[in-house]
Asker: 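Just dropping this structure here.
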Amino acid sequence: MRLTGSVKRCAFAAVTLLSATICSPVGAGTGARPADPLSPTGRWTAYQRGAAQRPPMGWNSWNAFGSNIDEAKLISAATTVVDTGLAKKGYRYIDLDDGWWLKRRLSDGRIIVRTATFPSAAIKDGETSFRPLTDRLHAMGLKAGIYSDIGRNTCAEMYSTDGLNQPEGTLAEREVGLYDHIDQDVRLYFADWGFDLIKVDACGIRGLGSASDFVTSGKFRALGPLVDSDSLGRTDIPKVRDLYDRVRRALERYNPDDDFVFSLCLWGSANVRSWAKDVGNMSRTSDDIAPTWGRMLHSLDTASRRPLYAHPGSWNDPDMLYIGTGDFDADHLVEARSHFALWAMLNAPLMIGYDLRKAPQSLLDIFGNDRIIALDQDPAGNQAVLAFDSDDVQIFVKTLASGDKAVAILNRTAAPLKASLTAGHLKFLSDAAVDLTDLWTGAHVRFTGEHNFALAPHQTLIFSAAGKRKLAGGLYLSEQPGVVNPAVDGVVVPEADPLVYRPIFWAGTHGGGEHPRYGGWGGAQADLTPYGVQLAIADRRFENGIGVLSGSRLEVRNQGFATFRAQVGVDDSARDRSHAVTFLVYGDGKLIARSRPMRFGEAPQNLSANVAGVKLIELVARSDAPTRFPDPVTWGDAALLR
């Protein structure tokens, strides 16, 4: 049922794990049929408000100082960012993480700043305000970021080992998180205090069940838990999304000029990687990064297979840069360069997490590499796609606004090895010259067909690449994930992704080990099926295309192309195989092409549509019956042509 001319209200689907919202008219009653989420809307629904058309860049206090942060350290970091020239290169956000508050005043609910560590916040009549601090940062040409939690209590309150700078007072006074105060706190932080970014954590809705030690000891009130990091089934996904959506609405209310950044810090829980793109500007895909190679790989893997879920305005966030510490310090420059290069290929927000007062020139040179910053900030907004994937070597390829490519070759192992880069990895013709430029050294390489590279342990080679395109006069959709939004990806029951590298975590080797935990297995993929195998229809294999589940709707922004074409069908990896799937193409909300109902094992059908003048294309794969675990379908060789 399409809803026109009526006021709407939205409620989450009855299956609580569904990430899509379903709308029904106010007053329709419980018996009203919900709107069809596969019906075309004619509009792009990934998040566009806020100031994040390119990945935000800056500095965050947490990795450098934890809760032991104060005004002098923050201003010193800001001054160093300006004096070293990093601010001119794009590092503008100076983010104050946990450890800044004193308490919540019970008489009016207002947050009080800890003036012992932030003396400029002490203003007349005993009031506190961060306005002097944000004014100072703004006068330096910078932006100011602040931290909170979606629950009543923050992560450091619950898990700090040193207890420094934690909220004081009664149980209620220590409840400094956003819960029950979203509108009030967002107004205070942005309208009154002048902040430009907010990072919203979620510890306060994770570990505070009635049986937790925190609650039984009387330290905190029970709340939920709404999130179970180890179990999607025990997580209330609709409730968690609703809380973050309330923050979004408050940010839009108090920032009508859209000069804000909303950073979701839900660490990949609550299936956030499927819906964050519709709610905020950047979203953590993993638990906290740490200064170890394995932990960096872990964070990388949580974002690397999700290029279709990041777009200009809303980015995957594999966490802050840990360059400068541990495996990424000045004695490990190979690893530090890999970390930086990979984050740039992912279009990750580049947030420095290091005490820059101690940074040697070798580290400043990494943070300030113009070529790689430009790669991260490329206006096309295409996250790199994995062109080759293994436990040892990965090859990432990104399509740039110029039409050229960027390519990174990662040695994940602690041993030297060799890797071949082919023209096919770049979607270039194998009989034409390919020109590479090393983004660290500026050195040039030319080859035809393929070129062999020797990689040192943990090394990432990174290049810009120019060549003759395999697809003349157009782009495969998988080359431009920044314009493809899986508005409905078909996932009914979120499953944990088993391909994320699992290093030793906080508990060391206590317990039974680290198990898959992040939702996303089964989501839409570029050049692969939702479950990570090669696209194939009736034994015809496709190197290019979009893999998604039936019961899906993809939004595609059309940037001046005239024709859409694909070969469609039920993928050979289908498991249920009992339902036919019809493929439909819409242009600005109107049906422009349709397949016959397709069944497993049937040869792919050619589908073509005239999209000249169309702004938004929608690709729908509709099953003839709903199922709890939909089959994968393939849009083979899906492309837009001039």
Side-chain angles (χ1 to χ4, degrees), residues 47 50 52 55-56 58-64 66-67 69 93 95-101 145-160 176-179 182 185-186 189 195-208 224-229 235 237 240-248 250-251 260-290 295 298-299 302-303 306 309-310 314-322 343 346 348-353 506 517-519:
Y47 198 57
W59 177 90
N60 181 286
S61 63
W62 182 255
N63 287 353
S67 295
I69 182 63
Y93 288 91
D95 295 349
L96 172 59
D97 212 284
D98 209 340
W100 59 265
W101 20 45
I146 197 167
Y147 169 95
S148 191
D149 192 285
I150 201 68
R152 297 190 185 104
N153 304 99
T154 73
C155 290
E157 278 189 272
M158 297 170 65
Y159 302 115
S160 171
V176 294
L178 294 173
Y179 198 84
I182 288 174
D185 286 359
V186 170
Y189 300 158
F195 281 95
D196 309 287
L197 175 152
I198 188 167
K199 172 184 170 183
V200 181
D201 227 324
C203 291
I205 59 173
R206 177 173 65 178
L208 294 176
L226 303 177
V227 168
D228 187 324
S229 295
T235 294
I237 294 172
V240 174
R241 175 172 175 165
D242 179 64
L243 287 171
Y244 278 92
D245 220 23
R246 293 183 197 180
V247 178
R248 172 193 61 79
L251 285 167
F260 67 88
V261 171
F262 182 15
S263 171
L264 289 74
C265 188
L266 196 51
W267 352 277
S269 296
N271 204 35
V272 67
R273 287 184 293 158
S274 73
W275 53 262
K277 64 183 177 59
D278 306 319
V279 174
N281 302 117
M282 50 189 278
S283 176
R284 277 275 295 280
T285 56
S286 70
D287 209 330
D288 290 5
I289 195 171
R295 202 61 180 266
H298 172 86
S299 294
T302 63
R306 306 285 286 178
Y309 294 80
S314 187
W315 307 99
N316 287 324
D317 176 15
D319 205 359
M320 295 169 282
L321 296 164
Y322 233 130
W343 262 228
L346 293 179
L350 298 180
M351 294 293 180
I352 297 169
W506 307 120
R517 59 171 56 189
Y518 305 118

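Residues: numbered from 1 along the sequence shown.
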Asker: For residues Ile182 and Ala250, report the shortest heavy-atom separation together with the two atoms involved.
Answerer: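 In this case the closest contact between Ile182 and Ala250 is CG2-CB, 4.2 Å.
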
Asker: Looking only at side chains, do Asp97 and Trp100 share a donor and an acceptor under 3.5 Å apart?
Answerer: no

Asker: For Asp317, give me all partners under salt bridge (Lys or Arg N to Asp or Glu O under 4.0 Å), at least two apart in sequence or on another chain.
Answerer: none

Asker: Might you point out which heavy atoms bring Tyr244 and Ala202 nearest each other, and give the distance in Å?
Answerer: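 So the minimum-distance heavy-atom pair works out to OH-CB, 3.4 Å.
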
Asker: Closest heavy-atom contact between Val186 and Val247?
Answerer: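 The pair with the smallest heavy-atom distance is CG2-CG1, 4.4 Å.
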
Asker: Ignoring hydrogens and angles, state whether a donor on the side chain of Thr154 or Asp98 is under 3.5 Å from an acceptor on the partner side chain.
Answerer: yes

Asker: Over all heavy atoms of both residues, which pair between Asn316 and Pro349 is shortest? Give the atoms and the distance, please.
Answerer: O-CD, 3.4 Å

Asker: Keeping to residues at least two apart or across chains, list the salt bridge (charged side-chain N to carboxylate O under 4.0 Å, His left out) pairs with something in residues 264-282.
Answerer: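 Checked against salt bridge (charged side-chain N to carboxylate O under 4.0 Å, His left out) - neighbours excluded - no pair reaches residues 264-282.
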
Asker: I'd like to check Ser283 versus Trp275 (side-chain heavy atoms, cut-off strictly below 4.5 Å). Are they in contact?
Answerer: no

Asker: Among all residues two or more places apart in sequence or in another chain, which pass the side chain to side chain contact (heavy atoms under 4.5 Å, CB included) test with Ser263?
Answerer: Lys199, Met282

Asker: Indicate the ring-plane relationship of Phe195 and Tyr189, choosing parallel, tilted or perpendicular according to the 30° and 60° boundaries.
Answerer: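 If you compare the ring of Phe195 with that of Tyr189, the planes turn out perpendicular.
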
Asker: Within a strict 4.5 Å, meaning less than it, do heavy atoms of the His298 and Tyr518 side chains meet?
Answerer: yes

Asker: Apply the test side chain to side chain contact (heavy atoms under 4.5 Å, CB included) to residues Arg284 and Leu264: give CA-CA distance (whole Å), side-chain angles for both, the deciding distance (0.1 Å), then the verdict.
Answerer: CA-CA 6 Å; Arg284 277 275 295 280; Leu264 289 74; over 6 Å; no

Asker: Pick from Leu266, Thr235, Val227: which one makes a side-chain contact (heavy atoms from CB on, under 4.5 Å) with Val272?
Answerer: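 Among Leu266, Thr235, Val227, the one that satisfies the side-chain contact (heavy atoms from CB on, under 4.5 Å) with Val272 is Leu266.
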
Asker: Check whether any side-chain heavy atom of Arg248 sits under 4.5 Å from a side-chain heavy atom of Leu251, and report yes or no.
Answerer: no

Asker: Does a side-chain heavy-atom distance below 4.5 Å link Arg295 with Tyr322?
Answerer: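 Heavy-atom side-chain distance check fails, nothing below 4.5 Å.
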
Asker: Under the salt bridge (Lys or Arg N to Asp or Glu O under 4.0 Å) test, which residues partner Arg517, sequence neighbours left out?
Answerer: Asp230, Asp287, Glu514

Asker: With a 4.5 Å cut-off on side-chain heavy atoms, are Asn63 and Ile289 touching?
Answerer: yes

Asker: At what distance, to the nearest 0.5 angstrom, does OG of Ser299 lie from CG of Asp319?
Answerer: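 One finds 5.5 Å between OG of Ser299 and CG of Asp319.
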
Asker: Can any side-chain N or O of Trp315 pair as donor or acceptor with the backbone N or O of Pro56 at less than 3.5 Å?
Answerer: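 Such a contact is absent between Trp315 side chain and Pro56 backbone.
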
Asker: Once rounded to the nearest 0.5 Å, what's the spacing between atom OH of Tyr147 and atom OG of Ser67?
Answerer: 8.5 Å

Asker: Going by side chain to side chain contact (heavy atoms under 4.5 Å, CB included), name the residues that satisfy it together with Asp95, two or more places apart in sequence or in a different chain.
Answerer: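 Testing Asp95 for side chain to side chain contact (heavy atoms under 4.5 Å, CB included), a comparison that skips the adjacent residues, returns Asn60, Tyr93, Leu197, Met351.
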
Asker: Going from SG on Cys155 to CG on Asp288, what distance comes out if it is rounded to the nearest 0.5 angstrom?
Answerer: 7.5 Å

Asker: How about Phe260 and Ile198: do any of their side-chain heavy atoms sit closer than 4.5 Å?
Answerer: no

Asker: Do the non-hydrogen side-chain atoms of Val200 and Leu243 ever get within less than 4.5 Å of each other?
Answerer: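 No, too far: nothing below the 4.5 Å cut-off.
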
Asker: List in chain and number order the residues that pass salt bridge (Lys or Arg N to Asp or Glu O under 4.0 Å) with Asp201, two or more places apart in sequence or in another chain; answer none if no residue qualifies.
Answerer: none

Asker: Shortest non-hydrogen contact from Ser314 to Ala276?
Answerer: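 Heavy atoms of Ser314 and Ala276 come nearest at OG-O, 3.6 Å.
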
Asker: Minimum heavy-atom separation for Ala156 and Trp62, please, with both atom names.
Answerer: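 That closest heavy-atom pairing would be CB-CH2, 4.2 Å.
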
Asker: Do side-chain atoms of Asp149 reach the backbone of Gly177 as a donor and acceptor pair under 3.5 angstrom?
Answerer: no

